[in-house]
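Read the numbers this way: they start at 1 and go in the same order the structure lists the ligands and their atoms.
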Amino acid sequence: MNLRSFLHGRIEAAFEAAGVAGAEPMIGVATRPEFGDYQANGAMAAARTARTQPRKLAEGVVEALGDVDFAETLAVAGPGFVNITLSPAFVSAHLANVEIEPTLHPERIVVDYSAPNLAKEMHVGHLRTTIGDAMARILEALGHHVIRQNHVGDWGTQFGMLVAHLEDVQEAAPELKDLEVFYAQARRRFDSDNDFADRARRTVVALQRGDERVRAYWRRFIDISLAHCRSVYEILDITLGDEDLDAESRYNDDLPNVIADLESAGLVTVDDGAKCVFLDELETPLIVQKRDGGYLYATTDLASVRYRSEHYRADRILYFVDSRQSLHFRQLFAVARKAGFARETCKLEHHPFGAILGRDNRPFKTRSGDVVKLADLLDEAVRRARALVTERNPELDSEEADRIARVVGIGAVKYTDVSKHRASDYVFDWDAMLNFDGNTALYLQYAYARIRSLFRRGGIDPRCLTDAPAISNDTERRLGVSLLRFQETLEQAASEALPHYLTGYLHGLAGDFTRFYETCPVLNAPAPVRDHRLKLCALTGETLRKGLGLLGIGTVERM
Ligand code: ARG
């Protein structure tokens, strides 16, 4: 159950019973143990309207609540907060079922994420694909119908240059093993050789016209590049498959219709030969067709909004894209609405993310100043994790060390990426992410492994512990409350598209577990208590595993 909504309902009703109708209480997780588990706020605002003292009003709320089964204490605090401490019996009863509850209002949600440009290799910035992937998993777990869309860049001028170069070097095409080198070679020729540059431009035109031969070369290039993406997704455990591809080229034939429809809606102004849409709510116009007739990124995106709204019948379209594209999305959404490309009930949302920086606070680069390839970065993560794992467990056989290193190394970089507020930039730091302490994957994976080893040592199968755990002290109670907060955390992460709520939650849960584990003996506890504590351990382990799983991060049985 969503504890926070439950409390909200109770407190709201109590306001009404206390004679204040329409009060909007806010229920926050208490920031200090002495504030209880949750703090209800709302008396201050309500007292202003009711012309009374907030503390008095809060007292009235507590009185109206009377003897409730959910709370052990309800205490008026500060200027008019109500501090809520949940009762052990209530916590215990609700721990009987901690399955994720599906939403009562499932929606069709398009999640647009990853979307690399296929001209080049995926770079460190594409690590942020993790955010969209985590959100897709969370929304799905909550019962929504998620439609993943990988809007890869496979169209446009760069591809003329690449195809022209491929035609010339075809014998040596295995060089394409390194897309980055291939791109650099083509680029160098384009910049220094006028004949080549002309041919590259003619090649784009031929490509867009559908010239068979050019298309075949282009296809070959795209296939190689997509194979590269596929391998990165596999290492990263990103849930994007070929069926989720929504390449820019998919919309090629629809682009003239987009322009024609914008024109018949009277939205197009020709400015210096280019077709533009000017809207009052936009500071700059959106160019939809260049003077040479070429279409743009925005034109394709307009076609794609329409497709998602009409064909997929999306209730929401979420774009997890770099914050530098904020203007693009503001323009896109405004024009799509105006032109009726998005149904009125279809919400359009850009959820921007920040950049990954080096220690110098500038975009993360290699020592020689090149972009950091994502594949190289992931290799390094696994290498570093392996060193760490074998240093602690020299007895591990090599195969198992490899397996653990992959889970730990990839988990470390992914966790770091989702644990920061989505919109902020962050500094990439190996030492901070591959650390057993702090808000890291390793800390959670270690807590999980510890729980698993406890069950191994006790020779117990956690699935045999079917009863809800009785609660016998406050440390257990706190851990129990923490376990119950999983649902509300997922719902909050989903509604704000901020997966770092989940990492923050898991970190807190692991902390509560550690406190419990350090002060409450488990295997050595007397009879009924032992099983109750084992059950708390089992529930914690399950929640850590599920929570990490929703972030696309694995766990191991020992480490
Ligand atoms: N391919 C684009 C880029 O690399 C990102 C596409 C994001 N999605 C979208 N529908 N515009 O910048």
Side-chain angles (χ1 to χ4, degrees), residues 109-133 135-136 146-159 161-162 179-180 183 187 218 221-222 225-226 228-230 232-233 236 238 240 244-252 254-255 258 277 286-288 295-312 314 316-337 339 341-342 346-356 363-364 371-374 422-423 497:
I109 306 180
V110 168
V111 183
D112 179 316
Y113 67 105
S114 198
N117 176 352
L118 297 187
K120 298 187 181 184
E121 247 179 74
M122 290 177 78
H123 57 77
V124 57
H126 292 113
L127 186 55
R128 311 233 71 187
T129 294
T130 310
I131 298 171
D133 200 55
M135 286 313 307
V146 171
I147 301 146
R148 292 167 172 76
Q149 291 287 276
N150 191 0
H151 194 67
V152 296
D154 66 343
W155 211 237
T157 44
Q158 291 165 323
F159 292 91
M161 172 184 100
L162 292 165
L179 279 174
E180 218 50 37
Y183 182 90
R187 179 91 237 173
W218 169 78
F221 181 87
I222 297 300
S225 187
L226 280 177
H228 159 73
C229 296
R230 233 175 265 130
V232 170
Y233 292 151
L236 258 187
I238 293 297
L240 282 170
D244 305 314
L245 280 173
D246 176 51
E248 290 182 17
S249 59
R250 181 187 202 181
Y251 298 101
N252 190 39
D254 196 33
L255 302 181
V258 168
V277 180
L286 182 67
I287 306 176
V288 290
Y295 301 105
L296 300 103
Y297 179 53
T299 327
T300 310
D301 251 337
L302 280 168
S304 134
V305 169
R306 174 148 72 177
Y307 190 71
R308 293 167 181 188
S309 173
E310 298 298 327
H311 177 78
Y312 293 129
R316 293 170 74 190
I317 308 177
L318 316 185
Y319 294 85
F320 289 92
V321 184
D322 195 318
S323 56
R324 283 171 301 184
Q325 296 195 23
S326 292
L327 174 63
H328 164 74
F329 284 106
R330 245 181 307 144
Q331 294 177 316
L332 175 69
F333 296 167
V335 174
R337 284 264 177 253
F341 289 174
C346 172
K347 293 189 214 99
L348 305 173
E349 309 168 27
H350 176 212
H351 296 294
F353 53 72
I356 302 179
F364 191 34
V371 288
V372 178
K373 295 180 183 179
L374 185 50
R422 166 171 48 68

Working for ring-ring contact (aromatic ring centres under 6.0 Å, His included), residues Y297 and H328: CA-CA 9 Å; Y297 179 53; H328 164 74; 4.5 Å; yes
Main-chain N/O of A497 paired to R422 side chain as donor or acceptor, under 3.5 Å: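 Yes; judged by distance alone, with no hydrogens or angles, the pair exists.
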CD1/I287: more than 12 non-hydrogen atoms of other groups inside 6.0 Å: no
Contact residues of ligand 1, where a non-hydrogen atom lies under 4.0 Å away: D112, A115, H151, Y297, D301, Y319, V321, Q325, F329
E248: salt bridge (charged side-chain N to carboxylate O under 4.0 Å, His left out) partners, not counting sequence neighbours: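 Counting only residues at least two positions away or on another chain, E248 forms no salt bridge (charged side-chain N to carboxylate O under 4.0 Å, His left out).
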Side chain to side chain donor-acceptor pair (under 3.5 Å) partner of D112, the single match among H350, Q149, R308, H351: R308
Residues H151, V321; criterion side chain to side chain contact (heavy atoms under 4.5 Å, CB included); working and verdict: CA-CA 11 Å; H151 194 67; V321 184; over 6 Å; no
